Amino acid sequence: MSLSIDVFNTGYLPINGGPGWDPEPATWPASTATLISGQREAILVDALMTLDEGMRLAAWIGATGKSLTSIVITHGHGDHFFGAGPVLRAFPDARLLALNTTVIEEARFNLGPEVQQNWIGWFGDRFDREPALPQLVESDTLTVDGHPVRLVEVGGADGVLNTVVHIPESDTVCSGDAVYNNIHMWLWNSTPASRRTWLATIDKIADLRPATIIAGHKDPGAPDDEAERQLTQSRSYIEAFDRAVAKLSSAQEVIDEMTGLFPGYGNPYTLFVAAYSQYQN
Ligand SMILES: [Zn+2]
């Protein structure tokens, strides 16, 4: 029996958009957590943001009846591990893991006062202020009922380092935030150099030749999880944003241009903060 791959999608969560954003409530990009399971065991990839999401995630995993052995965090941003508490309480034997010390350091940085202010600004008191930090995994290959699941370091994306989870037997990659599915990409405070790095990271995922990619942020209405479409759209999006910022003189022009090129993409708030971050002194 091969491994099953099931995806929990939070949908768009209303957040506080802050100054300049109106009139509708801002939202956080719809986020995924992926359960890779065999007959008995399971591994979770990423653990969402809010306490409510964490509780719903724990109940969803509980309903499968599988024994959760590990939670793997793809990268150290709060929206991928702050929600782990309720899951760890429901599955006390599960370990919270990351492949690389850089991921753990970024996670620790996300708990520091400076970054916490950002998370509080967006989510208020809806998240765990003292979430568990991931520990370093002892091997880059985990097993689920004997089937191998590989953790792969791919490079910088919206943060300093993104790792992915590769399930070779089903040609599937859980990409964290290196690839997006029909959602505006988190290019807040990105630079020409960080965007080049991100494009190289996407190439590394393509080198794994996946047929399926479960993106860390996925529009609930996205047609599928087809890898090639998402790799192409994520590359095009970063390249288009890079060109738009180079040639246009205001954030609003960048927003208009990107919205025209990528109509219907989820979470316009992401594009708003990304565009305005490029024109601040
Ligand atoms: Zn994210």
Side-chain angles (χ1 to χ4, degrees), residues 7-17 26-34 44-54 57 71-84 87 96 98-100 102-111 115-116 118-123 126-128 131 133-134 153-165 173-190 194-195 197-198 201-202 205 213-220 222 225 230 233-234 237-238 241 265-274 277:
V7 180
F8 183 100
N9 192 320
T10 61
Y12 296 102
L13 183 68
I15 55 166
N16 174 20
T27 51
W28 195 255
S31 307
T32 68
T34 303
L44 183 70
V45 183
D46 287 338
L48 309 176
M49 173 74 206
T50 67
L51 275 167
D52 176 65
E53 287 168 350
L57 183 59
I71 306 170
V72 177
I73 303 307
T74 56
H75 64 293
H77 283 170
D79 59 330
H80 297 261
F81 79 98
F82 283 0
V87 181
L96 188 65
L99 173 63
N100 190 294
T102 306
V103 171
I104 297 170
E105 283 315 308
E106 194 169 31
R108 199 188 307 278
F109 183 63
N110 267 246
L111 299 181
V115 186
Q116 280 275 303
N118 292 333
W119 294 119
I120 292 167
W122 285 313
F123 292 95
R126 290 184 286 174
F127 68 96
D128 188 352
L133 274 174
E153 182 180 318
V154 286
D158 67 338
V160 289
L161 182 68
N162 195 97
T163 65
V164 301
V165 176
V173 164
C174 300
S175 70
D177 286 1
V179 174
Y180 278 54
N181 193 346
N182 283 17
I183 287 187
H184 290 287
M185 297 173 78
W186 195 256
L187 289 161
W188 184 47
N189 289 342
S190 62
S194 76
R195 294 190 285 267
T197 298
W198 195 335
T201 294
I202 293 173
I205 295 176
I213 291 177
I214 312 296
H217 296 294
K218 174 187 175 182
D219 186 274
D225 297 301
Q230 294 177 77
Q233 76 166 216
S234 296
Y237 190 97
I238 294 169
F241 186 87
Y265 271 33
N267 225 56
Y269 179 70
T270 301
L271 175 59
F272 166 82
V273 291
S277 75

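Since the model is a prediction, treat every value here as computed from it, not as a measurement. Every number for a ligand or one of its atoms is a count from 1 in the order of the listing. FYI, the numbering just counts along the sequence from 1.
Taking the six-membered ring where tryptophan is involved, the planes of Trp28 and Trp186 are tilted, since the angle between them lies from 30° to 60°. Aromatic ring orientation, Phe123 versus Trp119: tilted (interplanar angle from 30° to 60°).
The Zn ion (ligand 1) is closest to atom NE2 of His80 (considering only N, O or S atoms). Take the N/O/S atoms of Asp79: the one nearest the Zn ion (ligand 1) is OD2.
Side-chain contact, Asn267 with His217: no donor N or O sits under 3.5 Å from an acceptor N or O.
The distance from the Zn ion (ligand 1) to the nearest N/O/S atom of His77 is not under 2.8 Å. The Zn ion (ligand 1) has an N, O or S atom of Asp177 under 2.8 Å away, backbone or side chain.
The closest donor-acceptor contact from the side chain of Asp46 to the backbone of Thr74 lies under 3.5 Å.
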